[in-house]
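One is the number of the first residue; the rest follow in order along the sequence. As a basis for the values below, the full set of heavy atoms in this structure was taken, side chains included, without hydrogen atoms, waters or symmetry mates.
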Amino acid sequence: QVQVVESGGGLVQPGGSLRLSCAASGDIFRIGVMAWYRQAPGKERVLIAEITTGGLTDYADSVKGRYTISRENANHAVYLQMNALEPEATAVYYCHMNLAANAGVGSVWGQGIQVTVSS
């Protein structure tokens, strides 16, 4: 059984910063691509950033230059550093991981964490 826990969300002023964390635990052999998605009220869930096992990254145009995705393989963790936050960043943020575990290969989602950017 693989467990995924997100942390680091909350309320921040426009222009401020937050760092989201997502860590998996359990009988994990390997974690492949990790990614962050967000879903604003009334909107579809969209891909924000992803990172490969080798550390190659890709970002949505809406966040490129302001957000940074990183990973820590020893801790089965992925992070999202969010700078220069704007109100339109208000959403529920989800991490996603492709992995190989004892039961086979698949993917897992974090529980979702609220980020609110407001003055």
Side-chain angles (χ1 to χ4, degrees):
Q1 185 69 45
V2 176
Q3 191 79 19
V4 181
V5 178
E6 299 181 38
S7 62
L11 175 66
V12 65
Q13 295 283 318
S17 298
L18 285 175
R19 189 182 193 229
L20 305 182
S21 299
C22 175
S25 61
D27 193 4
I28 301 169
F29 298 144
R30 174 182 173 85
I31 298 180
V33 173
M34 300 182 179
W36 286 96
Y37 293 73
R38 71 184 179 193
Q39 187 168 19
K43 300 287 189 177
E44 297 286 327
R45 187 177 301 183
V46 298
L47 176 65
I48 298 300
E50 59 184 1
I51 183 168
T52 70
T53 56
L56 278 64
T57 60
D58 195 22
Y59 300 92
D61 289 340
S62 59
V63 307
K64 190 174 184 178
R66 297 182 293 114
Y67 294 9
T68 303
I69 187 171
S70 60
R71 64 190 290 162
E72 176 54 64
N73 291 328
N75 296 321
H76 311 299
V78 61
Y79 308 96
L80 186 68
Q81 179 67 44
M82 308 163 64
N83 298 325
L85 284 164
E86 300 175 346
E88 49 264 45
T90 297
V92 176
Y93 286 70
Y94 301 87
C95 63
H96 181 268
M97 303 179 183
N98 295 320
L99 57 82
N102 191 43
V105 298
S107 64
V108 291
W109 290 94
Q111 81 278 11
I113 190 163
Q114 179 71 44
V115 171
T116 301
V117 183
S118 176
S119 59

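- Side-chain atoms of M97 and C22, non-hydrogen and from C-beta on, do get closer than 4.5 Å to each other.
- Here the options are Q114, E6, R38, the test is side chain to side chain donor-acceptor pair (under 3.5 Å), and the partner is Y93; only R38 passes.
- At a threshold of 4.5 Å between non-hydrogen side-chain atoms, the residues Y94 and Q39 count as touching.
- T52 OG1 to M34 CE: the interatomic distance, rounded to the nearest 0.5 Å, is 10.5 Å.
- Shown here for P14 and S119, the closest heavy-atom pair between the two residues is CD-N, 3.7 Å.
- Nearest heavy atoms, Y59 versus I69: OH-N, 2.9 Å.
- Taking the side chain as every heavy atom from C-beta outward, T53 and R30 approach each other to under 4.5 Å.
- Closest approach of L47 and A49 over heavy atoms only: CD1-O, 3.6 Å.
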Could you walk me through whether Y37 and R45 satisfy the side-chain hydrogen bond (donor to acceptor under 3.5 Å, both in side chains) test, starting with their C-alpha distance in whole Å, then the side-chain angles of each, then the deciding distance to 0.1 Å, before giving a yes or no? CA-CA 6 Å; Y37 293 73; R45 187 177 301 183; over 6 Å; no
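- In this structure the side chain of V2 never reaches within 4.5 angstrom of the side chain of S25, judged on heavy atoms.
- Side-chain atoms of I48 and Y67, non-hydrogen and from C-beta on, do get closer than 4.5 Å to each other.
- When atom types are taken as modelled, the side chain of R71 and the backbone of V78 share no donor-acceptor pair closer than 3.5 angstrom.
- Applying the 6.0 Å contact sphere to CD of E44 captures no more than 12 heavy atoms from other residues, nucleotides or ligands.
- When all heavy atoms are compared, the tightest approach of L20 to I113 is CD2-CG2, 4.4 Å.
- Heavy atoms only, all atoms of each residue included: I31 and A24 are closest at CD1-CB, 4.4 Å.
- When the shell of 6.0 Å around CD of Q3 is examined, it contains 12 or fewer heavy atoms from other residues, nucleotides or ligands.
- Remark: the backbone N or O of E72 is not paired with any side-chain donor or acceptor of Y79 at under 3.5 angstrom.
- Formation of a donor-acceptor pair under 3.5 Å by the T90 side chain with backbone atoms of V117 is found in this model.
- Using a 4.5 Å heavy-atom cutoff, the side chains of L99 and V105 are not in contact.
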K43/V46 under side chain to side chain contact (heavy atoms under 4.5 Å, CB included): CA gap, chis, key distance, verdict: CA-CA 9 Å; K43 300 287 189 177; V46 298; over 6 Å; no
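- With hydrophobic clusters built from ILVMFWY side chains whose heavy atoms lie under 4.5 angstrom apart, V12 shares a cluster with L80.
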Determine whether Q81 and S70 satisfy the following criterion, side chain to side chain contact (heavy atoms under 4.5 Å, CB included), listing intermediate values before the conclusion. CA-CA 8 Å; Q81 179 67 44; S70 60; over 6 Å; no
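- Between V115 and L18, some side-chain heavy-atom pair lies under the 4.5 Å cut-off.
- Separation of atoms CZ (R19) and CG (N83) is listed at 11.0 Å; rounding is to 0.5 Å.
- In the hydrophobic clustering of this structure, W36 does not group with V33; members are Ile, Leu, Val, Met, Phe, Trp, Tyr whose side-chain heavy atoms approach within less than 4.5 Å, directly or through other members.
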